[in-house]
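For reference, the structure discussed in these notes is given below.
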Amino acid sequence: MTLKVVHVAVGVVLRQQQVLLALRPDKLHQGGRWEFPGGKVETGETTSQALARELKEEVDLDIAASSPWFELQYAYPEKTVLLDIHLVQEFEGEAIGLEGQPVRWVPLSELHQYQFPDANQPILDKLLAEFGRP
Ligand SMILES: Nc1nc2c([nH]c(=O)n2[C@@H]2O[C@H](COP(=O)(O)OP(=O)(O)OP(=O)(O)O)[C@@H](O)[C@H]2O)c(=O)[nH]1
Ligand SMILES: [Mg+2]
């Protein structure tokens, strides 16, 4: 059996004490959960390029700068993902769900009310530890 790891660029977009979330359509992998916008890195792209492309395609934001934050590998029963998580604090535009998906700016203090893909717990922990108010 070959282990195929899907490389995913994930954007944690921060504006003051809020983070951008989008609802994954039900039919997709981990559908019905709230995600950080992003998607698969394509051949020949850097992670930053993939992130900028995905954020434009999915939520219409133009990224001015992003910085690699950390990586997280997670084995779902059906596939293994490598989430390459970037922080985005400089961007232009208003976030809208270009694929028809609901998008929301969520205060860090309300993140616990949302359901995320199973892989995401370390992202939430780190987000609150580094940016949440004590
Ligand atoms: N975008 C995103 N993907 C995540 C997160 N957490 C997580 O496990 N994933 C997984 O990463 C994988 C790839 O993400 P994706 O479905 O957004 O890929 P994509 O935009 O290129 O979509 P496509 O396959 O329709 O072209 C999915 O299996 C998804 O379940 C997250 O917070 N954001
Ligand atoms: Mg995506």
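Counting starts at 1 for both ligands and their atoms, in listed order.
In E130, the CD atom is crowded: over 12 heavy atoms of neighbouring residues, nucleotides or ligands sit closer than 6.0 Å. In this structure, E92 places its CD atom where only 12 or fewer heavy-atom neighbours from other residues, nucleotides or ligands lie under 6.0 Å away.
In this structure, of H29, E78, E99, the residue bringing a heavy atom nearest to atom 28 (O) of ligand 1 is H29. The heavy atom nearest to atom 10 (C) of ligand 1, out of those in D118, L124, V81, L21, is found in V81. Of the candidates G11, G38, A9, it is G38 that places a heavy atom closest to atom 17 (O) of ligand 1. Nearest to atom 15 (P) of ligand 1 by heavy atom, out of E57, R24, E35, K79, is R24. In this comparison of V10, N120, I85, the heavy atom closest to atom 32 (O) of ligand 1 sits on N120. When Y74, F36, F116 are ranked by how near their heavy atoms come to atom 31 (C) of ligand 1, first place goes to F36.
In this structure, the side chain of E57 does not engage the main chain of E99 through any donor-acceptor pair within 3.5 Å. One N or O on the side chain of Q17 and one on the backbone of F131 form a donor-acceptor pair closer than 3.5 Å.
A heavy-atom distance below 4.5 Å is not found between the side chains of W69 and V88. Put simply, the side chain of V8 does not reach to within 4.5 Å of the side chain of L82, judged on heavy atoms. A heavy-atom distance below 4.5 Å is not found between the side chains of R33 and Y114. With a 4.5 Å cut-off on side-chain heavy atoms, Q121 and F116 do not count as touching. No side-chain heavy atom of W34 sits less than 4.5 Å from a side-chain heavy atom of V103.
Here R53 contributes atom CZ and S48 contributes atom OG; the two are 12.5 Å apart, rounded to the nearest 0.5 Å.
For ligand 1, the atoms sitting less than 4.0 Å from at least one non-hydrogen atom of Q30 are 30 (O), numbered in the order shown with element in parentheses. Residue contact check: E54 has heavy atoms under 4.0 Å from atoms 20 (O), 21 (O) of ligand 1. Atoms of ligand 1 lying under 4.0 Å from at least one heavy atom of G39, given by number and element, are 17 (O), 18 (O), 19 (P), 20 (O), 21 (O). Near E58, meaning under 4.0 Å from any of its heavy atoms, are these atoms of ligand 1: 20 (O). Atoms of ligand 1 lying under 4.0 Å from any heavy atom of A119, numbered from 1 in the order shown and given with element: 8 (O).
Looking only at heavy atoms of the protein, atom 4 (C) of ligand 1 is closest to L83 CD2, 4.3 Å. Residue, atom and distance of the protein heavy atom nearest to atom 12 (C) of ligand 1 are V8 CG2, 3.8 Å.
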Verdict with reasoning, I123 to F70, per side-chain contact (heavy atoms from CB on, under 4.5 Å) = CA-CA 9 Å; I123 309 178; F70 71 105; 4.0 Å; yes
Please walk me through it: do H7 and L83 pass side-chain contact (heavy atoms from CB on, under 4.5 Å)?
-> CA-CA 6 Å; H7 189 194; L83 304 182; over 6 Å; no
Derivation and outcome, side-chain contact (heavy atoms from CB on, under 4.5 Å), residues V59 and I96 | CA-CA 5 Å; V59 292; I96 52 167; over 6 Å; no
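Cation-pi contact between R15 and W105: present, with separation from the ring centre below 6.0 Å and deviation from the ring axis of at most 45°.
Around the Mg ion (ligand 2), the protein N, O or S atoms found under 2.8 Å comprise G38 O, E58 OE2.
Residue contacts with ligand 1, taken as heavy atom pairs separated by less than 4.0 Å, involve Y76 solely via side-chain atoms from C-beta onward. Of the heavy atoms in K40, both backbone and side-chain atoms come closer than 4.0 Å to ligand 1.
Per-atom contact check: atom 25 (O) of ligand 1 does not touch the protein, criterion being a heavy-atom distance below 4.0 Å.
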